[in-house]
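Residue numbers start from 1 in every chain, and the chains themselves are labelled A, B, ... in the order their sequence lines are given, proteins ahead of strands.
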Amino acid sequence: MNQVFALADCNSFYASCERVFDPSLAGRPVIVLSNNDGCVIARTAEAKALGIVGFEPVFKYQAIIERHDVAVFSANFTLYGDLSDRVMTVLRSFAPQTEVYSIDEAFLTLTGLPEPPDPYCRRIRGTVRQWTGLPVSIGIGPTKTLAKLANRIAKKHPEHEGVFDLTGRPDLDALLDSVDVQDVWGVGHRYGKFLRARGVDTARRLRDLPDAYVKKHLTVVGLRTVEELRGNPCIAVQEARKPKQAILTSRSFGRDIGTLPELREAAAEFASMSAEKLRAQRSAAAFVTVFVETNSFREGPQYSNTATVGLAEPSDYTPRLIASAREGLARIFRPGYPYKRCGVLLSGLVPAVAAQRDCFAAEQRPAYGGALMRALDGLNARWGRGTLKYAAAGVARPWRMRQLRLSPRYTTTWDDLPVARAV
DNA sequence: TCTGGGGTCCTAGGACCC
DNA sequence: TCTGGGGTCCTAGGACCC
């Protein structure tokens, strides 16, 4: 039996989330900014129509924003994460298999459905809208890559009303010819440029390239993409999320940071945050990597460097990881530079219970360490992130992000709960 | 004068995704 | 003045082994 995949993807997800709890935003252009209120990372259709481009710095659009009364928000990932969970819950109720692919999209398997997939997906779309308030578009195809492509068509052409089915279409070639090669899932900036320079500028032309040529220039990954464009499924729906192999916390600072003590605090904070994510997936890390960077967008002396510190044995104990991050930082810190970004990466992850012990190493953590971490994580989950933290991460936090236009955490914090009043 | 071949592991770098 | 953050996978090349 031919397989059928669907990709459900929320429209302008972050911006749509802001609208859910503020109906006055309906019909108004809305944009959401990256951390530090730097770039535009989400735009509603109204904002796109004004010519606002994604991932461009917001200051370029100041005039447009004022003239057209664009609603501007700092990214509120707490809110988006919670609304994402709600959408995924609805989607899961409609398909035997779902893969949550990102915060705003999921693949569904619809193979063997007793009815045509198009009307079924329109029901899914209506239900998501009704139960969560969020608009979603759905693409249907014989492979994940083609479902993705169908989703793009559904979004681009409003006349399809949010659902497009690419299976069994006699005009498939023409449809694939209407899609820019770089809009194919798996073809990014570099490959797009490479292919276009050789006249391969549409999805159909990519599909029809010889295997050997694709493998040579786009590796086996590209070959999989091409096979999928031909309708041969190579990429399976993965229900269970594999544990992460690396965990990174990094930030650009709200302002330049020049001193080691301030950077040490930032590194400690990022190590703590990474450690929390690490314990959430019950892993321990064997390596701690820290990096610092100056602002490459600006003139002046640049410096960036990375240091990796190996642990005597894998650990999930925050003080241990903070100490290693600081050790790495001490190695790469050079005075006199205006630092803009820092991050802490944990790698060499193993299941915490199976962590290889080193009987000759100095004690990595006290006997009460495990209980302490559980208490720490429990309190922060119950009362909000940062309720309990290590003093090493500092209090003044001069490096913290700028978020001037943050919306309330409507769904996850009692104090931010929306209130309905009778008038 | 002659100087293998194959395997594994690790890392850095580069591509991609959202 | 103001330019995100967090991941994955693949390949090439070097170290090392037999």
If only atom types and distance count, is the side chain of A:Glu105 paired as donor or acceptor with the main-chain N or O of A:Asp9 below 3.5 Å?
no
C:dG4, B:dC18, C:dC10: which one has an atom nearest the side-chain heavy atoms of A:Thr219?
C:dC10
Dot-bracket notation for DNA chain C, counting Watson-Crick and G-U pairs under 3.5 Å, with | for partners on another strand
....||||||||||||||
At under 4.0 Å between heavy atoms, what does A:Val187 touch on the DNA or RNA strands: base, sugar-phosphate, or nothing?
sugar-phosphate
Would you say the side-chain atoms of A:Thr259 and A:Glu262 include a donor-acceptor pair closer than 3.5 Å?
yes
Does A:Val32 reach a base, just sugar-phosphate, or nothing at all? Heavy atoms under 4.0 Å.
nothing
Hey, does A:Glu105 reach any base, or is it just sugar-phosphate, or nothing, if we go heavy atoms under 4.0 Å?
sugar-phosphate
Looking at A:Arg402, I'd like to know whether one of its side-chain N or O atoms comes within less than 4.0 Å of OP1 or OP2 on C:dT1.
no
Return yes if some donor-acceptor pair links the side-chain N/O of A:Thr44 with the main-chain N/O of A:Val30 below 3.5 Å, else return no.
yes
Base, sugar-phosphate alone, or nothing: which one does A:Leu33 contact when heavy atoms must sit under 4.0 Å apart?
nothing
Output the single nucleotide from C:dC10, B:dC18, C:dG6 whose closest atom is nearest the side chain of A:Arg224.
C:dC10
Answer yes or no: does a side-chain N or O of A:Ser250 lie under 4.0 Å from OP1 or OP2 of C:dG4?
no
Among residues at least two apart in sequence or on other chains, which ones pass side-chain contact (heavy atoms from CB on, under 4.5 Å) with A:Ala203?
A:Leu149, A:Leu176, A:Val179, A:Val184
Rounded off to whole Å, could you give me the CZ-to-P distance for the A:Arg190 and C:dT11 pair?
17 Å
Considering every strand and a 4.0 Å limit on heavy-atom distances, what is the contact class for A:Asp37: base, sugar-phosphate, or nothing?
nothing
For A:Ala246, which contact category applies under a 4.0 Å heavy-atom criterion: base, sugar-phosphate, or nothing?
sugar-phosphate
How would you label the contact of A:Lys244 with the nucleic acid (heavy atoms, under 4.0 Å): base, sugar-phosphate, or nothing?
sugar-phosphate
I want to check one thing: is the phosphate of C:dG6, taken as OP1 and OP2, less than 4.0 Å away from some side-chain N or O of A:Lys277?
yes
Under 3.5 Å, side chain of A:Arg400 to main-chain N/O of A:Arg397, donor-acceptor pair present?
yes
Base, sugar-phosphate, or nothing for A:Ser296, non-hydrogen atoms under 4.0 angstrom?
nothing
Within the structure, does a side-chain N or O atom of A:Lys242 lie under 4.0 Å from either OP1 or OP2 of C:dC9?
yes
May I ask you to check if A:Arg341 and A:Tyr339 form a cation-pi contact, with NZ or CZ under 6.0 angstrom from the six-membered ring centre and within 45° of the axis?
no
Between the side chain of A:Ser178 and the main-chain N/O of A:Leu175, is any donor-acceptor distance below 3.5 Å?
yes
Is there a side-chain contact between A:Gln62 and the phosphate of C:dT1, meaning an N or O under 4.0 Å from OP1 or OP2?
no
Would you mind telling me which of B:dC18, C:dG7, C:dG5 lies closest to the side-chain atoms of A:Ile247?
C:dG7
What's A:Phe55 touching, base or sugar-phosphate or nothing? Going by heavy atoms closer than 4.0 Å.
base
Compare the minimum distances between each of B:dA15, C:dC2, B:dC18 and the side chain of A:Lys148, then state the nucleotide with the smallest one.
B:dC18
Does OP1 or OP2 of C:dG5 have a side-chain N or O of A:Arg341 closer than 4.0 Å?
yes
For B:dC17 and C:dT3, measure between their P atoms and round to the nearest Å.
25 Å
Checking side-chain polar atoms at under 3.5 Å, does A:Arg279 have a donor or acceptor matched by the opposite partner on A:Thr318?
yes
